[in-house]
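Inspection log for the structure reproduced underneath, given as structure tokens.
Note that these values count all heavy atoms, side chains included, but never hydrogens, waters or copies made by symmetry.
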Amino acid sequence: MTQSIREDILPLDDTLLPAWRAGPPLIRGKRSPGASRDKPTQSHRSIFLSDMHLGTRLSRADLILDFLGTHDAETVYLVGDIVDNWYPLSSNWKPAHHQVLQRLFDLPRTGTRVVYVPGNHDDFFRNYVGTSFGGIEIERDVVHQAADGRRYLVTHGDICDIFSLRAPLLARAGSFIERIAMGVDVAQRHVLRKFGQPEWFGIERAISRTNAAIRKHDHFEERLTHLAQSGGYDGIICGHFHQPALHDGFGISYANCGDWSGSNTAIVEDFDGRLDLVRVYEKTAFEPTIATDYEEEGELPLAV
């Protein structure tokens, strides 16, 4: 069952939309047939990945490589925050991060079409919208037409983050504080495992509950679905809030790719046009999923 957008949702008017939203997004078609793959993979028509945050300590580049090594598609969309340029990269840049980039640049050479939609953490690349770099197309946002004819607006999602738009410095400060807390959480778990003690999830739960309180009245999903509805699209595919989701609770399809520092998820489109949300686990097991632990508990992680 679907429901209409509530009237208390702040509309996305021109004061909230930058000038680059003046024109319609580009509609992209299916790529030309490319080279065959050398190893068996789970094939999809399209793959949507976001929020890798390469260059940060929390980026799970190992799981990204596992996913890219076992999943194949005609088109791969990189839906923002791929390389994190908010902080110095040198101290946190690992060989696995370079391997992820190399793998992404290898895709166009093997016939996969790659479209890069920068986010707020890699907004430097928005200076190159409309160009191609190493075979990767860079676009502000794009329209994806699925195999069943449905049209999805693909955008990172920060355009609907009122917190970031109206208080960007505060948003950066909050992101920095959260990174410190998550770093402490990773360190304490490592120490507990080393001494054979059960892991403690108190810091993680405190972060998620704090973020839930901050985002309780933000209506991020409603804003994005309203944006897509106003453009006449059948759905929206985004990232930014690190909250994987796939539903039609606001009248059209809403798909959030999640992230690769916690949920480790991606959106995939099969050849019949169906969308699935896929999670990667530590032991590289894959399974479709719709709900997350945060969703079940009513807690939302902050966009970082």
Side-chain angles (χ1 to χ4, degrees), residues 26-52 60-82 99-117 135-137 139 141-157 233-239 244-248 252-260 263-281 283-292:
L26 298 177
I27 298 179
R28 298 298 190 179
K30 181 178 176 181
R31 71 166 178 86
S32 301
S36 61
R37 306 303 191 270
D38 295 329
K39 59 182 180 180
T41 59
Q42 185 172 342
S43 294
H44 310 280
R45 186 172 183 266
S46 306
I47 291 175
F48 303 83
L49 301 161
S50 75
D51 296 274
M52 296 180 181
R60 293 305 307 269
D62 55 334
L63 297 184
I64 300 170
L65 289 170
D66 287 339
F67 180 85
L68 292 174
T70 54
H71 287 249
D72 192 8
E74 296 178 350
T75 304
V76 171
Y77 292 91
L78 305 175
V79 194
D81 287 1
I82 303 303
Q99 292 170 17
V100 171
L101 288 185
Q102 185 62 57
R103 174 62 178 155
L104 294 175
F105 279 112
D106 284 343
L107 292 177
R109 290 194 285 268
T110 58
T112 298
R113 182 170 169 263
V114 181
V115 181
Y116 179 23
V117 178
I136 297 177
E137 306 166 33
E139 301 292 351
D141 45 30
V142 69
V143 173
H144 171 73
Q145 185 161 335
D148 58 7
R150 287 183 293 178
R151 299 165 69 247
Y152 296 91
L153 175 63
V154 182
T155 185
H156 179 61
Y233 305 114
D234 301 297
I236 189 161
I237 300 173
C238 64
L246 181 59
H247 63 75
D248 62 352
I252 62 173
S253 296
Y254 170 83
N256 191 307
C257 303
D259 70 291
W260 293 90
S263 61
N264 309 316
T265 52
I267 296 290
V268 298
E269 178 207 357
D270 289 331
F271 293 95
D272 59 0
R274 186 183 73 255
L275 297 182
D276 283 316
L277 185 56
V278 177
R279 183 187 302 275
V280 181
Y281 292 96
K283 295 182 179 180
T284 66
F286 303 85
E287 71 174 25
T289 180
I290 295 179
T292 67

Q. Nearest 0.5 Å, what's the CZ-CG distance between F48 and N256?
A. 12.5 Å

Q | D66 and T70, any side-chain heavy atoms less than 4.5 Å apart | A | no

Q. Is a side-chain donor or acceptor of S46 paired with a backbone partner of D270 at a separation under 3.5 angstrom?
A. no

Q: Please examine the side chains of D234 and S253, heavy atoms only from C-beta on, and report whether any two atoms are closer than 4.5 Å.
A: no

Q: Compare all side-chain heavy atoms of L104 with those of V114 and state whether any distance is below 4.5 angstrom.
A: no

Q) What pair of heavy atoms forms the shortest contact from T155 to I236, and how long is it? A) CG2-CD1, 3.9 Å

Q: Evaluate the side-chain proximity of L78 to M52: yes if any heavy-atom separation is below 4.5 Å, no if none is.
A: yes

Q | A255 versus L275, closest heavy-atom pair with distance | A | CB-CD1, 4.5 Å

Q) With sequence neighbours excluded, what pairs up with R150 under the salt bridge (Lys or Arg N to Asp or Glu O under 4.0 Å) test? A) D148

Q) Can you check whether E269 reaches Y152 side chain to side chain, under 4.5 Å on heavy atoms? A) no

Q.
If I take atom OH from residue Y233 and atom NE2 from residue H144, how far apart are they, to the nearest 0.5 angstrom?
A. 14.0 Å

Q: Could you grab the distance from atom OG1 of T265 to atom CG of L63, nearest 0.5 Å is fine?
A: 11.0 Å

(Q) To the nearest 0.5 Å, what is the distance between CD1 on I237 and CG on D141? (A) 12.5 Å

Q: For residues I82 and S50, report the shortest heavy-atom separation together with the two atoms involved.
A: CD1-CA, 4.4 Å

**Q.** OG1-CZ distance between T110 and R103, expressed to the nearest 0.5 angstrom
**A.** 6.0 Å

Q.
For the backbone of G273 and the side chain of R45, can you confirm whether one donor and one acceptor N or O come within less than 3.5 Å of each other?
A. no

(Q) Looking at D106 and R109, is there a salt bridge between them, counting it only when a charged N and a carboxylate O are closer than 4.0 Å? (A) yes

Q) Mind checking whether W260 and L49 have side chains closer than 4.5 Å, heavy atoms only? A) yes

**Q.** Contact check, side chains of R113 and Y77, non-hydrogen atoms, under 4.5 Å
**A.** yes

Q | Counterpart residues, ring pair (Phe, Tyr, Trp, His ring centres under 6.0 Å), relative to Y116 (two or more places apart) | A | F125

Q) If you round to the nearest 0.5 Å, how far is CD1 of I267 from NE2 of H44? A) 11.5 Å

Q: Indicate the atoms forming the closest heavy-atom contact of V79 with C257, along with that distance.
A: CG2-SG, 4.2 Å

Q) Do I47 and V268 come within less than 4.5 Å of each other through their side chains, counting heavy atoms only? A) yes

Q: Using the test ring pair (Phe, Tyr, Trp, His ring centres under 6.0 Å), find all partners of F271 that sit at least two apart in sequence or belong to another chain.
A: none

